[in-house]
Every structure is written in C-alpha cells, then in structure tokens.
Amino acid sequence: GAVVSQHPSRVICKSGTSVKIECRSLDFQATTMFWYRQFPKKSLMLMATSNEGSKATYEQGVEKDKFLINHASLTLSTLTVTSAHPEDSSFYICSVGKYYEQYFGPGTRLTVT
Amino acid sequence: GENVEQHPSTLSVQEGDSAVIKCTYSDSASNYFPWYKQELGKRPQLIIDIRSNVGEKKDQRIAVTLNKTAKHFSLHITETQPEDSAVYFCAASMGGQNFVFGPGTRLSVLP
C-alpha cells in the first residue's frame, strides 16, 4: 500500500477567506495525486489530478481558479480553496496513485461559516 | 465518459450470511476495478481489486468477479461479521487514471 497523511483534519473558516490543505505521501514518491470531494452520504467526486512538476488536470465543472492545486514535490500536494463560501463546505480527500492503485488520505472536513 | 452504477444502495444481512454488491460500467476501455470500504468519517480503504485480464480474485472472505463482455463486476463477502458494516464503493479506471466511483452501498450486518 501507501501511507498518506492530510492536514488539517478539520478546519472552520469564515466566508471569503482561503484555506490550504496539505496531502503528503509518507512512504512512496508519488508522481500522481488526486483530490476528491465528498458530500455527506454521497460518493467520491474527483476534482482534479495533480501531477508532480506540472499543472493539475481539473474535472469538468471544477473551477481551477477557486481550487488551486500545487504538486511541487513527489511527496506533497496542496489544495487551496480560495475565497471560500458556505457551499464549499465538504469533506476533501486526497489520494496517491501507485501503479494502478489509489490510497487515500484521512480527509479534511472544511466548514465555511 | 465513464459511468458507474452500483446496486443495491443499502443492504442488510444477518451475521454469517453472504453479501453481494454489483456494479456496471459503461466504458469498455476501463481495465482496473477496485473496491473500497469506508467507515463513517474515515478514509476509503482498498479491500480488493481486479484487472481486466482476470475474471475472478479472492482474498479470504472477499471475492470479486468481472464480466468484461457484460461490463459488470461484483463484490462477494462471505461469513459476514458486524465489523463488515460500512459503505462500499466500486470504481472503474483506465490504467490507474480517471477513476470513476459508484454511488456506494451501505452494508449493515445484523448480529
């Protein structure tokens, strides 16, 4: 498998502020990481694919200027939610791609007030 | 693009019975089909997977079958235990990219 950490686990922020979420691959050099969003009792929706050293590939309907993704090293990818609004409140989960498999981080619960 | 359907959405079984969850996919180019278990508030955990060059794979009480022609794959859990209670997601992928997840099945194992 792969060990993936995510920080913070929970964050509450005010509307209009930005929040950065970090995803780390602790035991594997990941050229590819993925960012997902999960609403309560719903499935995982892929937001973007993050490739080390290049621009992220965003899924249709995901605003790349709002959800900034940086994958500057083989062990770290960050997701910044800019100018957050209450509708951005959700569970954000990253994952590491290892060959065909994906291993998930513990998730970050974002609440925007 | 790929579309993954999953049935049933909820499933209740008695402890010791078997549970079967079925998924269908639309894109014949998909070649990797993992199953994840997610407990409330936790991360999804990979429990078993299958590639398109294999028809069946088993790991202790868990098995997955794949029918490429019909584009469907199933998860089989035998001798269910209360700790098997969780939400299970299937997914389809092309070579570890472009993962599309099913809507999930909430499994309850009743003691």
Side-chain angles (χ1 to χ4, degrees), chain A residues 1-10 21 23-26 28 30-52 54 56-62 71 90-111, chain B residues 1-10 21 23-25 27 29-54 57 59 64 66 73 85-108:
Chain A
V3 181
V4 184
S5 71
Q6 210 171 319
H7 179 80
S9 57
R10 290 177 179 271
I21 302 169
C23 177
R24 292 184 185 274
S25 177
L26 301 182
F28 177 71
T31 55
T32 304
M33 292 186 177
F34 303 91
W35 286 95
Y36 290 85
R37 185 172 180 176
Q38 188 177 34
F39 290 106
K41 297 187 178 182
K42 296 294 184 183
S43 189
L44 296 146
M45 299 299 296
L46 179 65
M47 298 175 66
T49 300
S50 169
N51 296 297
E52 187 266 336
S54 64
T57 303
Y58 290 81
E59 294 299 301
Q60 194 171 7
V62 177
H71 191 161
S90 192
F91 193 51
Y92 292 87
I93 313 178
C94 69
S95 70
V96 163
K98 186 176 183 181
Y99 310 117
Y100 276 50
E101 299 157 5
Q102 272 194 71
Y103 296 93
F104 287 88
T108 296
R109 186 160 302 284
L110 170 64
T111 303
Chain B
E2 177 66 279
N3 181 53
V4 178
E5 296 185 356
Q6 185 172 345
H7 298 280
S9 56
T10 60
I21 303 170
C23 287
T24 61
Y25 62 100
D27 192 340
S30 291
N31 58 6
Y32 174 66
F33 308 93
W35 285 89
Y36 288 86
K37 175 184 180 182
Q38 187 179 28
E39 298 178 28
L40 189 63
K42 301 280 182 71
R43 76 184 81 196
Q45 292 193 308
L46 178 66
I47 57 171
I48 197 167
D49 56 10
I50 193 166
R51 296 195 191 183
S52 60
N53 58 347
V54 176
K57 184 176 177 181
D59 182 4
V64 57
L66 171 65
F73 57 111
S85 297
V87 179
Y88 290 80
F89 294 100
C90 64
S93 163
M94 260 182 285
Q97 302 288 326
N98 306 109
F99 278 75
V100 176
F101 284 79
T105 296
R106 184 171 299 277
L107 174 64
S108 299

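Chain letters run A, B, ... following the sequence lines, proteins first and then strands; every chain starts at 1.
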**Student:** Considering only heavy atoms and a distance below 4.5 Å, find which of Gly41(B), Pro44(B), Pro34(B) pairs most often with chain A.
**Tutor:**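 Heavy-atom pairs under 4.5 Å are most numerous for Pro44(B).
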**Student:** Can you check whether Lys42(B) reaches Phe104(A) side chain to side chain, under 4.5 Å on heavy atoms?
**Tutor:**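 Counting from C-beta outward, Lys42(B) and Phe104(A) never come under 4.5 Å.
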**Student:** Tell me, do Ile93(A) and Gln38(B) make a side-chain contact under 4.5 Å, heavy atoms counted?
**Tutor:**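 Yes, close enough: below the 4.5 Å cut-off.
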**Student:** Identify the two heavy atoms, one from Arg43(B) and one from Val4(A), that lie closest to each other, and give their separation to 0.1 Å.
**Tutor:**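 Minimum heavy-atom separation between Arg43(B) and Val4(A): NH1-O, 3.0 Å.
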**Student:** Tell me, for Gln38(A) versus chain B, whether the close heavy atoms (under 4.5 Å) come from the side chain, the backbone, both or neither.
**Tutor:**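 The side chain, not the backbone.
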**Student:** Please confirm whether Phe101(B) and Tyr36(A) have ring centers closer than 6.0 angstrom.
**Tutor:**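 Yes, ring centres under 6.0 Å apart.
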**Student:** Take Tyr100(A) and Ser93(B), measure what side-chain contact (heavy atoms from CB on, under 4.5 Å) needs, and give me the verdict at the end.
**Tutor:** CA-CA 8 Å; Tyr100(A) 276 50; Ser93(B) 163; over 6 Å; no
**Student:** On a heavy-atom basis, which atom in Gln102(A) and which in Tyr36(B) lie closest, and how many Å separate them?
**Tutor:**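 For Gln102(A) and Tyr36(B), the tightest heavy-atom pair comes out as O-OH, 2.8 Å.
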**Student:** Within a radius of less than 6.0 Å around CD of Gln45(B), do more than 12 heavy atoms belonging to other residues, nucleotides or ligands occur?
**Tutor:**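 Atom CD in Gln45(B) is not packed in, count stays at 12 or less.
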**Student:** Under 4.5 Å heavy-atom distance to chain B, tell me which part of Thr32(A) shows up: side chain, backbone, both or neither.
**Tutor:**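 Only the side chain of Thr32(A) comes within 4.5 Å of chain B.
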**Student:** Chain B heavy atoms under 4.5 Å from Leu46(A): which part of the residue, side chain, backbone, both or neither?
**Tutor:**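 It is the side chain, since no backbone atom gets that close.
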**Student:** For Lys42(A) and Phe89(B), which heavy atoms make the closest approach, and how far apart are they?
**Tutor:**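 Taking every non-hydrogen atom into account, O-CZ, 3.8 Å.
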**Student:** CD/Glu59(A) to CG/Asn98(B) distance, rounded to the nearest 0.5 angstrom?
**Tutor:**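 Glu59(A) CD to Asn98(B) CG: 7.0 Å, rounded to 0.5 Å.
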**Student:** Say whether, by atom type as modelled, one donor and one acceptor occur between the side chain of Ser43(A) and the main chain of Gly102(B) under 3.5 angstrom.
**Tutor:**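 Here the side-chain-to-backbone pair exists.
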**Student:** As an exercise: rank Ala91(B), Gly104(B), Gly1(B), Gly95(B) by heavy-atom pairs under 4.5 Å with chain A and give me the winner.
**Tutor:**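 Between Ala91(B), Gly104(B), Gly1(B), Gly95(B), the count favours Gly95(B).
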**Student:** Should we say atom CE of Met94(B) is surrounded by more than 12 heavy atoms from elsewhere, each under 6.0 Å from it?
**Tutor:**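 More than 12 heavy atoms, drawn from other residues, nucleotides or ligands, come within 6.0 Å of this atom.
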